[in-house]
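Proteins come first, then strands; the chains are lettered A, B, ... in the order of their sequence lines, and each starts at number 1. The structure displayed is predicted, hence computed values, not measured ones.
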Amino acid sequence: MSQKELLKVKNLKQYFPIKGGIFGRTVNNVKAVDDISFTVHEGETVSVVGESGCGKSTTGRAILRLDNPTDGTVEFDGVNLLDLNKKEMRKMRKDMQIIFQDPYASLNPRQTVRETLREAMAIQNVVPKEKRADRIAELLETVGLQPYHADRYPHEFSGGQRQRIGIARALSVDPKLIVCDEAVSALDVSIQAQVLNLLKKFQKEMNLTYLFISHDLGVVRHISDRVIVMYLGKIVEVGDKKSIFENPQHPYTKALLSAIPVPDPDHNKDRIFLQGDVPSPIDPPTGCRFHTRCPFATERCKEETPELRSAGYMAEGHQGACHYMELIESGEHQPTRETSNVRMLDEEPEKV
Amino acid sequence: MSTNESILEVTDLRTSFFTEGGEVKAVDGVTFDVPAGKTLGIVGESGSGKSITAMSILQLISHPGKIKGGEIKFRGKNLLDLSEKEMRKIRGNQISMIFQEPMTSLNPTYTVGQQIRESYKIHQGLGKKEGSKRAIEMLKLVGIPSPEKRLDQYPFELSGGMRQRVMIAMALACKPDLLIADEPTTALDVTIQAQILELIKELQDELGMSVVMITHDLGVVAETCDYVAVMYCGKVVEYADVRTLFKNPRHPYTVGLLKSLPRSDRDQEELTPIKGTVPSPDEMPVGCRFAPRCPFATNLCHEKLPSLDDVGDGEQIRCWIYTDEWNGDPGVKVYEPERTTEG
């Protein structure tokens, strides 16, 4: 892609300290995001997928500095966001907005829609004061609401409508990047499809860039250009949508894709059952973090942390973090564990 | 057991909530059968009444809700005629239920062992020693490692997937004939969901149970169910076997749902959402509940409620299109290729 690099995340780490003992010292860290790097180009949609606790939402929050990252750099439009002070960062947020999962929790219940939108515009000072009323009506119409909705409170709307207000608020300041944190996960499918279509339309019209955080791989396949798969704070695979869905390389990606129930009774299920649950990010497994559940794990995986890399047969930009990608692909490396029995759990799968 | 036999027949079930704003008909004349040994899926979006239907079967509806009428025949006996005492003998014994959120439906102050033993004590009069033995067997059955140790643990010490397994163990303790699973995997991650769904299926085969699977996820329906009832606004709008439902959906709502669904198994250029939103209870349409959102609705649809009719092959549809009274575009009948979701 020859497009300009809009967001460049490098070696991002986000640790949350665990305080303990009588002096309240930091006794350990939750390594929610542990050294990840990726780039998002202008006008594209990059999805971050993974199960709960993989660090996908933390990544989104860290980029907007809603939590201050522990280490790394986040370059947006050529500026390292981590060097900015609070005031400069606030200005920057004009260009980077976020839509949250629960629109009810993220809208002020005591503000009408008009007040919410006006406040957003006033803080970023984007539209001349006298034109704001027109802009509010226009925004509401763009997201499929009526201008008379402006004087209502959030509780007067349905979930889908509230999410539209969340979108209108994000759009009100004319951003370049929108982080969508599980933005459609709480919606029923018929409404979800409406909101997804809306997001796609705006992207085309305004050349928006989306960082789309989701656990729903159907939605991700629909909306993304590229996909990042995370597991326990690490990126395990990254690539264009087609490569990830049709030619997954990392055993975790394969298991994740095989686990999705497909709405077709004739679908051929070659399901890979992973053993146990995701381990705790407080004390993540050594080496490859997936080795405790990976069907292909060996001694080497326990000791050596695999880096993201590509192999000759993989598409450009498609990378996986697994020692055995090629050998699994060629069939030379066979599973070392049972993957068909759901009742043969390992002794003591650690609780999260 | 012949496959035609039904273990549960629900006829014209009506459950309402009497709120300050008036009566909310959450379940409004629901009818369906659960064939013995099979899985019936009840699918619908939020507010369709699917969970209330499940709760009504076990009479778990509390104030201000009330079961107003209808029949719930379990093994030929109408459960609505039973006293609360008689119902208690059925709950957790012949009919069991598992819920969406295992953390809120397990008692946090009792150990796993105590909670499973309770079932044995109430329904079979077993003491602690025998109860524990059986509880360990159940935990083994649902694939929990070192079950002896788990017996003395509290729910908070278990992961989400483990908790759901414990809940299944509790529900199946007395080997029920019917298991009602209300969104059993919605709160779980997809790799754990796969484990739990497979587990339920295997246990069903081993114990010969029938299952009512309540879900909003059409993927889960396609994978686990034999028959499906699609609900919309408190009513069943389509009932069919699972293949027919996905290959040849007929009700415009079912078609709309399938067309709205982003798929993980193939690329789609465009999603076709259903327009509008679910009507609120105080502005429920008088005619077909789906008419305001239906692309094919005529005056007839807006004015008169269609009944749930047999259309052959055990399939039932609540839609004017499939009746002789249909006065709209004749081209929208089923067999038109643009009505199916394939391709």
Side-chain angles (χ1 to χ4, degrees), chain A residues 50-53 158-161 184 187-197 200 215-223 241-242 245 252 255-267 269 271-278 293 340-352, chain B residues 45-47 140-146 157-162 185 189-199 202 216-225 242-243 245-247 253 256-268 270-278 280 293 341:
Chain A
E51 298 178 287
S52 23
S158 68
Q161 287 175 318
V184 296
L187 307 175
D188 277 322
V189 281
S190 68
I191 308 298
Q192 175 180 287
Q194 295 172 358
V195 175
L196 283 174
N197 281 355
K200 272 200 150 178
H215 71 279
D216 185 328
L217 287 135
V219 171
V220 166
R221 181 162 195 165
H222 181 70
I223 200 153
K241 169 170 73 178
K242 198 174 152 67
F245 280 93
Y252 177 66
L256 189 65
L257 289 172
S258 88
I260 310 166
V262 172
D264 177 357
D266 291 339
H267 180 74
K269 313 158 210 176
R271 189 149 287 169
I272 307 162
F273 290 108
L274 292 180
Q275 302 284 298
D277 293 304
V278 182
R293 300 172 80 200
S340 56
N341 193 341
V342 288
R343 277 184 267 184
M344 229 188 48
L345 293 167
D346 278 342
E347 195 59 19
E348 282 302 52
E350 280 316 308
K351 58 174 190 262
V352 183
Chain B
E45 299 180 288
S46 25
K140 246 185 225 157
L141 187 71
V142 298
I144 289 184
S146 41
E157 297 178 84
L158 306 172
S159 69
M162 283 292 195
T185 56
D189 276 320
V190 59
T191 59
I192 310 295
Q193 164 171 284
Q195 294 172 4
I196 298 292
L197 291 179
E198 179 66 20
L199 180 69
E202 285 179 14
H216 69 283
D217 186 330
L218 287 157
V220 171
V221 172
E223 299 225 335
T224 60
C225 302
V242 70
R243 285 214 62 202
L245 190 94
F246 282 93
K247 298 295 169 191
Y253 177 61
L257 272 186
L258 287 166
K259 283 188 168 181
S260 306
L261 197 64
R263 303 278 295 249
S264 64
D265 59 328
R266 62 171 187 237
D267 289 320
Q268 284 155 298
E270 189 82 29
L271 297 177
T272 319
I274 301 171
K275 65 175 184 187
T277 50
V278 177
S280 71
R293 305 178 73 191
T341 56

Student: Regarding K242(A) and D267(B), does a basic nitrogen lie under 4.0 Å from an acidic carboxylate oxygen?
Tutor: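 No, no charged N to carboxylate O under 4.0 Å.
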Student: For residues Q193(B) and P261(A), report the shortest heavy-atom separation together with the two atoms involved.
Tutor: NE2-CG, 3.0 Å
Student: Would you say Q194(A)'s side chain and G276(B)'s backbone share a donor-acceptor pair under 3.5 angstrom?
Tutor: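 A pair under 3.5 Å: yes.
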Student: Working to the nearest 0.5 angstrom, can you tell me the gap between N197(A) CG and E270(B) CD?
Tutor: 5.0 Å
Student: Between L257(B), L218(B), D265(B), D217(B), which has the largest tally of heavy atom pairs under 4.5 Å with chain A?
Tutor: D265(B)
Student: Quick one: closest heavy-atom pair of P265(A) and V242(B), and the distance?
Tutor: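 Closest approach of P265(A) to V242(B), heavy atoms only: CG-O, 3.8 Å.
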Student: How close do V190(B) and E51(A) get, heavy atom to heavy atom, and via which atoms?
Tutor: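 Reported closest heavy-atom pair: N-OE2, 3.6 Å.
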Student: For L141(B), is it the side chain, the backbone, both or neither that has a heavy atom under 4.5 Å from a heavy atom of chain A?
Tutor: both
Student: Please round to the nearest 0.5 Å and tell me the distance separating atom CD1 of I260(A) and atom OG1 of T191(B).
Tutor: 11.0 Å
Student: Strictly distance-based, threshold 3.5 Å: is any side-chain N or O of D264(A) a donor or acceptor partner for the main-chain N or O of F246(B)?
Tutor: no
Student: Pick whichever of I272(A), I191(A), D266(A), V220(A) has the most heavy-atom pairs under 4.5 Å with chain B.
Tutor: D266(A)
Student: Scan side-chain atoms only and decide if T277(B) and Q161(A) contain a donor-acceptor pair under the 3.5 Å cut-off.
Tutor: no
Student: First locate atom CD of Q268(B), then atom CZ of R221(A), and finally report the distance between them rounded to the nearest 0.5 Å.
Tutor: 9.0 Å
Student: Would you name the heavy atoms of S190(A) and P273(B) that are closest together and state the gap between them?
Tutor: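 Residues S190(A) and P273(B), closest heavy atoms: O-CB, 3.7 Å.
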Student: Measure across V189(A) and S260(B) and return the closest heavy-atom pair with its distance rounded to 0.1 Å.
Tutor: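 Reported closest heavy-atom pair: O-CB, 3.6 Å.
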Student: Given that the side chain runs from C-beta out, which part of E45(B) has a heavy atom under 4.5 Å from chain A: side chain, backbone, both or neither?
Tutor: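 Both parts, backbone and side chain.
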Student: Grab the two heavy atoms, one from R263(B) and one from V262(A), that are nearest each other, plus how far apart they are.
Tutor: NH2-CG1, 4.0 Å
Student: What option among S46(B), G219(B), S280(B) has the most heavy-atom pairs under 4.5 Å with chain A?
Tutor: G219(B)
Student: Pick one of side chain, backbone, both or neither for S52(A), based on which atoms fall under 4.5 Å of a heavy atom in chain B.
Tutor: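 Backbone plus side chain of S52(A), per the 4.5 Å heavy-atom cut-off to chain B.
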Student: Where on L256(A) is there a heavy atom nearer than 4.5 Å to chain B: the side chain, the backbone, both, or neither?
Tutor: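 It is both, since atoms from each part get that close.
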